[in-house]
Amino acid sequence: QVQLVESGGGLVQPGGSLRLSCAASGFAFSSYAMSWVRQAPGKGLEWVSDINWSGDTYYADSVKGRFTISRDNAKNTVALQMNSLKPEDTAVYYCTKRSGRYVYFGPDYWGQGTQVIVSS
């Protein structure tokens with residue numbers, strides 16, 4: 001069965017960095033687009049970043065230039081490097097699998113989420 005397990009969240013000061021990782025299993029990882037989505041306290045889901053099967057990347061304006069998504073098809077992992085973190089980046093971050101190779105396919109599986117808190 002498909003499993004997505006996030007790790008790397010935690011408490012960080014404003015301006016700091018964190019690297020989230022998502023370990024995927026149960027499907028042909030290299031053939032699917034992957035995404036990161038977040039949910040801040042009391043707010044709805046917000047798309048953060050996508051990477052399609054061939055490595056093309058896409059970012060929300062709110063994180064562009066600060067976050068970098070990457071994938072390692074040999075290790076079946078997708079990562080989100082987050083730099084210059086701001087308090088408004090505080091959220092639960094979810095790794096999602098899209099239902100096809102490209103980012104226009106909808107997500108069909110979600111991880112359990114990892115908490116990121118940006119605070120001094």
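- Residues Leu45 and Trp110 form a side-chain contact, since some pair of their non-hydrogen atoms from C-beta on lies under 4.5 Å apart.
- Under the salt bridge (Lys or Arg N to Asp or Glu O under 4.0 Å) criterion, Asp50 pairs with Arg98, sequence neighbours left out.
- Cation-pi geometry between Lys97 and Tyr32 is satisfied (NZ or CZ under 6.0 Å from the ring centre, within 45° of the ring normal).
- Every pair passing salt bridge (Lys or Arg N to Asp or Glu O under 4.0 Å) that includes a residue from residues 33-44 is listed here, sequence neighbours excluded: Arg38-Glu46, Arg38-Asp89.
- Nearest heavy atom pair, residue Val2 against residue Gly26, reads CG2-O, 4.0 Å.
- Considering only residues two or more places apart in sequence or on other chains, Asp72 meets the salt bridge (Lys or Arg N to Asp or Glu O under 4.0 Å) condition with none of them.
- When the side chains of ILVMFWY residues are joined at heavy-atom separations under 4.5 Å, either directly or via intervening members, Val103 and Tyr109 end up in two distinct hydrophobic clusters.
- When each of Leu80, Leu20, Val78, Val5 is tested with Cys95 by the rule side chain to side chain contact (heavy atoms under 4.5 Å, CB included), just one qualifies, namely Val78.
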Less than 3.5 Å apart, which donor and acceptor atoms pair up between the side chains of residues 111-120 and the rest of the protein, not counting sequence neighbours?
from   : atom 1 : to    : atom 2 : distance (Å)
Gln112 : NE2    : Glu6  : O      : 3.4
Gln112 : NE2    : Glu6  : OE1    : 3.4
Thr114 : OG1    : Gly9  : N      : 3.2
Gln115 : NE2    : Ala91 : O      : 3.3

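- The two atoms that bring Ile69 and Ser49 nearest to each other are CG2-OG, 3.2 Å, heavy atoms only.
- Cluster membership check: Phe105 does not share its hydrophobic cluster with Leu4, using side-chain heavy-atom separations under 4.5 Å among Ile, Leu, Val, Met, Phe, Trp and Tyr.
- Note on Met34: it does not cluster hydrophobically with Val37, by side-chain heavy-atom contacts below 4.5 Å among ILVMFWY residues.
- Summarising the geometry of Ser84 relative to Ser17, their closest heavy-atom pair is N-OG, 4.4 Å, with the distance given to 0.1 Å.
- The side-chain heavy atoms of Ser70 and Arg19, taken from C-beta on, include a pair separated by under 4.5 Å.
- Linking Ile, Leu, Val, Met, Phe, Trp and Tyr whenever their side-chain heavy atoms come within less than 4.5 Å leaves Tyr94 and Ile51 in two separate clusters.
- Note: the hydrophobic cluster containing Tyr104 does not contain Trp47 (ILVMFWY, side chain heavy atoms under 4.5 Å, direct or indirect links).
- How far CG of Leu85 is from CZ of Arg66: 6.5 Å, rounded to the nearest 0.5 Å.
- Nearest heavy-atom pair across Ser21 and Thr77 is OG-CB, 4.4 Å.
- In this structure Lys64 satisfies the salt bridge (Lys or Arg N to Asp or Glu O under 4.0 Å) test together with Asp61, sequence neighbours excluded.
- Between the CZ atom in Phe27 and the CD atom in Gln1 there is a gap of 12.0 Å [rounded to 0.5 Å].
- Phe29 carries Arg71 over the face of its six-membered ring, with the cationic atom under 6.0 Å from the centre and within 45° of the normal.
- Between Leu18 atom CG and Gln81 atom CD the span is 8.5 Å, to the nearest 0.5 Å.
- Pairs engaging residues 54-89 under the ring-ring contact (aromatic ring centres under 6.0 Å, His included) rule: none recorded [sequence neighbours left out].
- Heavy-atom minimum distance, Ala33 versus Asn52: CB-CA, 3.7 Å.
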